[in-house]
Amino acid sequence: MPVLSSAEELREHLQRDLPGAGVLPLPPPPPEPGAEGKEPEKKAKGKEKPDFLTTGDTVVVAERLTEVAHYLRDTLGYEYLSDIAVVDYLADDLFELVYRFYHLDGGGDLVVKVRVPRGQPVVPSLTPTWPGANFHEREGYDLFGITFQGHPDLRRLYLWEEFEGHPMRKDFPRQGDKYLTLAGS
Amino acid sequence: MLKTQELQINIGPQHPSTHGVFRMLVTVDGETLVDLVPFFGYLHRNHEQIAERNTYLMNMPYTDRLDYFNSMANNHAYALAVEKLAGIEVPERAEYLRVIMVELTRILNHASAVGFMLNDMGAWQTPLAFGIREREKILDLFEMVSGSRMMCNYFRFGGVVRDLHPDFLPQLRKLMSVMPAYIAELERLLTENEIVLTRAKNVGVLPKEVAISYSVSGPMLRASGIPYDIRKAEPYSIYDRFDFDVPVGGVGDVYDRYLVRMEEMRQSYRILEQALEQLPDAEGGHINPKARPALKPPVGDAYARIESPKGELGFYLVSDGSDYPYRYKVRAPSLINLTPLRDICRGYKVADVVAILGSIDIVLGEVDR
């Protein structure tokens, strides 16, 4: 079983073995600092939306996630799903899910990212084949409101079922929480 | 004709065997467990969101509160993540100080985990008192370096907050001279103990393949026979300089988890011995002087993980270039190790469930976050 060394290698593997697996093209690399004097100009502008979407990691189309995950496990031997982190990029109007796989022979992680629109956050669930994803996905559903399609038991993990909203979203009100007001006041 | 009926019982949220506020809704047929549904969130305080409105440094003491038995290990994982994000280097001496603290943490965690597990099995207080005795000595050392016994807040980005107290090394050496005898004593009390054998052998068996697919980590994964230790698999800090073994279990039952913990205490002792031998004597080398406490890491993300005593503890941080982390995510080993709870409890007696839960070694501060 190969232990991959970089994200580029993973992209090559995916492009070769899963043609059209929905590996998104990487955005163009940022211009060299100092080239054409662009960098100082940017800084002078001051507050600007940080560019979260440029990444060296592999970004996969949501519908093909299950296929890619199975490929990682069965062909590449990355059978340990360690973590699923959800990030809310409000300004870019999308959620990013960061899946982290490890090889049990050791070595670094293999990161697969999935981006879904905030308006319709639906991702296929990995729980049917990777039961270890269960609580990660329930947490993503509870705190971010992501629907994991095919999850056998998609309930809130921490909060109670009647709770309204998803508190880890960036647009969740941080003040004036109705659950914090005293009873009768 | 006799008729039996299945009963639904709540174990917890305020049951002493759940180690905190944690509820299990169990369905039993007589004494035999048919189904188990865990409920979380009694200690939920949205740790991650609170951390997102703190600066990076303000989160350091806050990580202590995750797994309050292992505040040093939590500090280490968080410091590694921030250092990766901001590209901060750690001086040699600081790395050794970190390893010493984290390995002491591992010994204290396993000593008390074994004690609490025996408590859950009904050996009320005696084994726990033996475990707590080791723990107290180590907590004294932590108090000496950090001023606090449990909420240590000792690590900083680029090192640790202060160098050792002059009394620390003599006292640590004194403790280490008696530690093998302590561990042997605990083992003499328990390993061949007939009650322990009956209660723990072939109970809560977690087979190898199941353990992998359930993403369990730490002693629980190794007890199932997989020699996966992040200190070996992806060495962080300076763990590649030490010579130690990774103990594995055979069948993955409660007894194996106990044995793995006992052996890990010995291996931590070996690491401590080597770390003390190699500890460089650099004055003021406990922190990178260039590392500023108030930092603004460049835009990007970083994930760092350590082999915490409970399993894989990871921090995923996203920076937007400001003082505050844009996203702060904890990969909590206690929570993920609970995923197979239903499967490994099914078919055993109610009293075994308590022992199995004790052998997983959870801390609810980390589970609920």
Side-chain angles (χ1 to χ4, degrees), chain A residues 3 30 47-57 73 79-91 96 98 100-109 111 113 126-127 129-136 138-140 142-143 153 155-160 163 167-170 172 174, chain B residues 37-46 48-50 52-53 208-217 221 226-230 232-235 298-301 303 305 311-312 314-322 326-332 335-340 342-343 367-369:
Chain A
V3 176
K47 278 237 163 189
E48 188 178 295
K49 183 175 80 72
D51 175 22
F52 291 116
L53 301 187
T54 311
T55 172
D57 294 317
R73 179 173 70 176
E79 49 186 342
Y80 189 83
L81 170 64
S82 158
D83 188 29
I84 304 173
V86 189
V87 192
D88 179 4
Y89 291 124
L90 183 61
E96 186 174 78
V98 186
R100 210 167 286 278
F101 296 87
Y102 286 97
H103 200 297
L104 285 176
D105 288 349
D109 53 357
V111 178
K113 290 182 174 178
L126 293 185
T127 308
T129 41
W130 244 304
N134 188 350
F135 289 169
H136 290 303
R138 276 179 64 190
E139 189 184 327
D142 186 359
L143 304 181
D153 182 27
R155 285 180 292 126
R156 284 184 180 273
L157 183 65
Y158 296 127
L159 301 167
W160 57 103
F163 188 88
M168 281 298 285
R169 289 192 177 190
K170 290 281 177 191
F172 188 83
R174 293 198 168 181
Chain B
V37 186
F39 287 88
F40 309 99
Y42 294 95
L43 277 180
H44 183 60
R45 62 247 186 230
N46 219 342
E48 291 174 2
Q49 199 198 48
I50 295 173
E52 280 169 16
R53 50 182 202 224
K208 215 173 181 173
E209 292 73 30
V210 185
I212 298 171
S213 71
Y214 271 112
S215 307
V216 301
S217 55
L221 181 69
I226 301 143
Y228 191 75
D229 187 318
I230 300 167
K232 289 265 193 207
E234 195 192 359
V299 180
D301 61 347
Y303 179 82
R305 57 175 191 157
E312 176 184 339
F315 282 85
Y316 179 66
L317 298 172
V318 178
S319 164
D320 58 355
S322 71
Y326 185 78
R327 176 80 170 102
Y328 164 105
K329 154 102 180 109
V330 188
R331 193 263 185 219
L335 172 68
I336 306 307
N337 286 356
L338 278 176
T339 323
R342 178 200 302 227
D343 284 25
V367 172
D368 285 345
R369 272 173 295 141

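Just so it is clear, the model here is predicted, and its values are computed rather than measured. Letters go in sequence order (proteins before strands), and every chain restarts at 1.
A salt bridge is defined here as a Lys NZ or Arg NE, NH1 or NH2 lying under 4.0 Å from an Asp or Glu carboxylate O, and B:Lys329 with A:Asp83 meets this definition.
With a 4.5 Å cut-off on non-hydrogen atoms, A:Asp142 does not touch chain B at all. Contact of A:Leu143 with chain B is made through the side chain alone, with heavy-atom distances under 4.5 Å. B:Glu312 touches chain A through its side chain: at least one heavy atom from C-beta onward sits under 4.5 Å away, while N, CA, C and O do not. Looking at B:Val330, neither its backbone nor its side chain comes within 4.5 Å of chain A, counting heavy atoms on both sides. When heavy atoms are compared at a cutoff of 4.5 Å, A:Leu159 approaches chain B solely by way of its side chain, counted from C-beta outward. B:Phe39 touches chain A through its side chain: at least one heavy atom from C-beta onward sits under 4.5 Å away, while N, CA, C and O do not. Of the two parts of A:Val98, only the side chain, counted from C-beta on, holds a non-hydrogen atom closer than 4.5 Å to a non-hydrogen atom of chain B. Heavy atoms of B:Leu338 lying under 4.5 Å from chain A belong to its backbone as well as its side chain. Of the atoms belonging to B:Ile226, it is side-chain heavy atoms, and not backbone ones, that fall under 4.5 Å from chain A. For chain B, no part of A:Arg156 is nearby; none of its heavy atoms comes within less than 4.5 Å. When heavy atoms are compared at a cutoff of 4.5 Å, B:Val210 does not approach chain A at all. For B:Asn46, the part lying under 4.5 angstrom from a heavy atom of chain A is the side chain only. The contact between B:Ser319 and chain A is made entirely by backbone atoms, counting heavy-atom distances below 4.5 Å.
You'll find the side chain of B:Val318 reaches within 4.5 Å of the side chain of A:Tyr89, heavy atoms only. The shortest side-chain heavy-atom distance between A:Asn134 and B:Arg342 does not fall under the 4.5 Å cut-off. A heavy-atom distance below 4.5 Å is not found between the side chains of A:Arg100 and B:Arg331.
Using modelled atom types, one side-chain atom of B:Gln49 and one backbone atom of A:Pro167 make a donor-acceptor pair closer than 3.5 Å. With hydrogens and angles ignored, the 3.5 Å screen pairs a side-chain donor or acceptor of B:Ser215 with a backbone N or O of A:Leu81.
The two residues B:Ser217 and A:Tyr80 come nearest to each other via the heavy atoms CB-OH, 3.2 Å. Taking each heavy atom of B:Tyr316 and A:Val87 in turn, the nearest pair found is CE2-CG2, 3.8 Å. For B:Tyr214 against A:Pro131, the heavy-atom pair with the smallest separation is CE2-CB, 3.2 Å.
If you take NZ on A:Lys170 and CZ on B:Arg327, they are separated by 8.0 Å, rounding to the nearest 0.5 Å.
Using the six-membered ring where Trp is involved, A:Phe135 and B:Phe40 have ring planes that are perpendicular, over 60° apart on the 30 and 60° scheme.
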Checklist line | Worked verdict on B:Ile336 versus A:His136 for side chain to side chain contact (heavy atoms under 4.5 Å, CB included) | finding: CA-CA 8 Å; B:Ile336 306 307; A:His136 290 303; 3.3 Å; yes
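When each of B:Leu335, B:Leu43, B:Asp301, B:Val299 is scored by its heavy-atom pairs under 4.5 Å with chain A, the top score falls to B:Leu335.
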